Amino acid sequence: MLGSLAVVWLFICLLFLFIRTQRPKNFPPGPQPVPIFGNLFQININNPLKDFERFAECYGKVYSVYFGTKPAVILTGLRAVKEALLTNSGDYLGRPQNILVSDVSEGKGIILVDYGPLWKEHRRFALMTLKNFGMGKQSMEDRILGETEHLIARLEKSAGGYMNPETLFHDAASNIIYLVLFGLRYDYEDNILKEYVRCFTENTRITNGGWGLIYDTIPMVRSLPLPFKKVFENGKTVRKMTGDMIRTHKASRVPGEPRDFVDCYLDELDKRGNDGSPFDEDQLVRYIVDLHIAGLDTTSNTLLSAFLYLTTHPDTQEKCQKEIDEVLGDKAHVSFEDRVNMPYTQAVIHECQRFGITVPTAFHCTNRDTQLKGYRIPKGTFVIANLSSVLKEEGQWKFPHEFNPANFLNAQGQFEKPEAFLPFSAGPRACLGEGLARMELFLILVTLLRRFQFFWPEDAGEPDFTPVFGVTIRPRPYRMGVRLRQK
Ligand code: HEM
Ligand SMILES: *[C@@H]1O[C@H](CO)[C@@H](O)[C@H](O)[C@H]1NC(C)=O
């Protein structure tokens, strides 16, 4: 009896030894994985950051972790991130496939499209179209300032009281990107806007949580009726709403006279015809959905962080307001160009982005075999650039661990941007909405600070700066006091 148990035991041990997951030769080091699950059991799903920090300390700036049977390489600090995404940028152009978020987009769209002509041509098209944004009569700046008026109206209703700014910034960010894409905005009470926000928020919650990790690590469970099914349903709902919108839009368009991004794409489709190019209407729907998603949580969470810091640092807020008043005088509204005369406000906005780290990691995939710091990384390897480690790296910042606008000011009080400021990542796959995002942050923050004073409610206790972890990071829900400023 004992003998046969021992044999079974030996067999199991041998089996594990036999199928033991082994890192490829000269691959970046990391914790020893177990079969099937990889390093899943060494990572606390609810707060993985501590574990990743421990790994980086143990194994260095370039280390690897197994998510299931597949290893991912993690890059920590400016030097490693730069060497990969800038010096060898041509090797890191892919996106990981066959995980929850990329399965939802089915290889189309833009954000998660793997390296190839579809990505390349749509990236070029987006950059060009956003840059030449004279489309129609309204400039990008006008669209943003127009939405800011609605923000003001809503904040005025709360003046003299308190409010939770979460939905406010979410709705505004959604409307601005929608204005760029479709030339129209939704009323903050509109049901379509609410449905978009519901789908996006729910999907973010599920993909960020443990269910996303389980889907990604254990392919066998993918067909089971588990919460990640909802992500695919919501994806369909959003595509349907976007598709309907594009159809209505088509009916009112004048070819050759684009009013917005969608019109530009439709013109491009006319021009290309059916020459086997990667431009088509199904792709258009997914492309628009992706741009909508990309411009939503990123911008609104950055604003949420910014207002958390401004309400809890009244002296910083006051200094911005003084500078804004001086520079704008009685001009009707701010313009993006005014930023060059507002070094302090610029420094504050950048510091909000640095300290808030809205996007903590960038997910890439090698599109060919490459080398990094002497390690060999084969084609098709999942590579995670740890942007938060760069934004808070010791040696790169005067005050890496505290909120301090001096991080962006030189001795003369002029605005200066350190090299390690990479909230939009770096290289050919970096954020393509950076220009739009920077314009939004500047115009919204300046307009609101000019009009209102924001303060931390007396009864709210100590502010909690520990963020909610996810693909995008946001502060814990908070309330802020709003007062109209005396002119
Ligand atoms: C403060 C706001 C924003 C931040 C912090 C941010 C940050 C980022 C980061 C870190 C990435 C990943 C880059 C990489 O993989 O290396 C990214 C990708 C992307 N962002 Fe943004 N983003 C912001 C706003 C926007 C906006 C407003 C748009 C709208 C046009 C946008 C569109 C995109 C797209 C399309 C990608 C994927 C690019 C590609 O795969 O080629 N982002 N963003
Ligand atoms: C990225 O770096 C930060 C700061 O060093 C750390 O807390 C976090 O755990 C790291 N994340 C990953 C995925 O390595």
Side-chain angles (χ1 to χ4, degrees), residues 78 81-82 84-86 89 92-93 95 109-113 119-120 122-135 139-141 143-145 147 169 172-174 176-181 261 264 287-288 290-306 335-340 342 345-364 385-388 390-391 407-408 415-446 471-474:
L78 182 63
V81 169
K82 244 177 72 177
L85 301 189
L86 289 172
S89 62
Y92 296 85
L93 295 172
R95 291 280 191 223
I110 175 96
I111 310 174
L112 293 157
V113 173
W119 167 72
K120 226 168 161 168
H122 281 85
R123 171 137 187 139
R124 195 186 306 132
F125 178 82
L127 283 171
M128 198 185 65
T129 310
L130 291 173
K131 197 165 131 215
N132 302 341
F133 216 86
M135 302 175 325
S139 70
M140 187 92 91
E141 203 163 335
R143 287 173 213 239
I144 299 170
L145 286 171
E147 189 60 29
F169 292 141
S174 178
I176 290 171
I177 185 74
Y178 220 74
L179 276 161
V180 171
L181 299 171
F261 195 96
C264 289
Y287 191 32
I288 295 301
D290 269 15
L291 291 170
H292 196 168
I293 293 175
L296 195 59
D297 281 1
T298 48
T299 315
S300 63
N301 289 348
T302 305
L303 286 168
L304 277 175
S305 299
S335 67
F336 194 42
E337 261 170 34
D338 292 322
R339 73 189 186 286
V340 291
M342 297 185 184
T345 308
Q346 274 274 78
V348 169
I349 296 173
H350 283 73
E351 181 64 357
C352 289
Q353 279 205 273
R354 182 193 77 85
F355 201 68
I357 347 172
T358 306
V359 186
T361 41
F363 299 107
H364 289 240
N386 186 339
L387 301 178
S388 56
V390 181
L391 291 173
N407 277 316
F408 292 90
F415 174 69
E416 230 171 51
K417 192 153 66 176
E419 198 186 6
F421 183 71
L422 296 183
F424 299 102
S425 190
R429 202 99 211 207
C431 179
L432 66 73
E434 176 174 348
L436 172 59
R438 290 184 43 222
M439 199 185 263
E440 284 185 65
L441 294 177
F442 181 78
L443 297 177
I444 292 176
L445 276 154
V446 170
V471 172
T472 58
I473 278 185
R474 70 190 144 88

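Worth saying up front: this structure is predicted, and the values here are computed from it rather than measured. When a residue number appears, it is its place in the shown sequence, counting from 1.
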Would the Tyr178 and Phe261 ring centres measure less than 6.0 Å apart?
-> no
Side-chain heavy atoms of Phe408 within contact of Pro418, under 4.5 Å | yes
Whether Asp290 side chain and Gly109 backbone form a donor-acceptor pair below 3.5 Å = no
Answer yes if the side chains of Ser388 and Asn386 hold a donor-acceptor pair under 3.5 Å, and no otherwise.
-> yes
Between Leu387 and Thr361, is any pair of side-chain heavy atoms under 4.5 Å apart?
-> no
Kindly determine whether Ile110 and Leu432 satisfy side chain to side chain contact (heavy atoms under 4.5 Å, CB included), including the steps that lead there.
-> CA-CA 10 Å; Ile110 175 96; Leu432 66 73; 4.3 Å; yes
Please test Val180 against Leu291 for side chain to side chain contact (heavy atoms under 4.5 Å, CB included), starting from the C-alpha separation and ending with a verdict.
-> CA-CA 10 Å; Val180 171; Leu291 291 170; over 6 Å; no
Can you tell if the side chain of Tyr287 reaches within under 4.5 Å of the side chain of His122, non-hydrogen atoms only?
-> yes
Taking the side chain as C-beta and beyond, is there a heavy-atom pair between Val446 and Thr345 under 4.5 Å?
-> yes
Measure from the side-chain N and O atoms of Arg474 to the backbone N and O of Asn301, and report whether any donor-acceptor pair falls under 3.5 Å.
-> no
Quick one: are Phe415 and Met342 in side-chain contact, heavy atoms under 4.5 Å?
-> no
Take Arg95 and Val113 through the side chain to side chain contact (heavy atoms under 4.5 Å, CB included) test and state the conclusion after the steps.
-> CA-CA 6 Å; Arg95 291 280 191 223; Val113 173; over 6 Å; no
Measure from NZ or CZ of Arg339 to the centre of the six-membered ring of Phe336 and say whether it is under 6.0 Å with the direction within 45° of the ring axis.
-> yes
Flag side-chain contact, heavy atom, 4.5 Å: Ile144 against Met439 | yes
Between the CZ atom in Phe169 and the OG1 atom in Thr302, the distance rounded to the nearest 0.5 Å is 11.0 Å
For His364, ring pair (Phe, Tyr, Trp, His ring centres under 6.0 Å) partners two or more places apart = none
Taking the side chain as C-beta and beyond, is there a heavy-atom pair between Leu445 and Leu303 under 4.5 Å?
-> yes
To the nearest 0.5 Å, how far apart are CG in Leu86 and CG in Leu78?
-> 8.5 Å
Verdict with reasoning, Ile444 to Ile176, per side chain to side chain contact (heavy atoms under 4.5 Å, CB included) = CA-CA 11 Å; Ile444 292 176; Ile176 290 171; 3.9 Å; yes
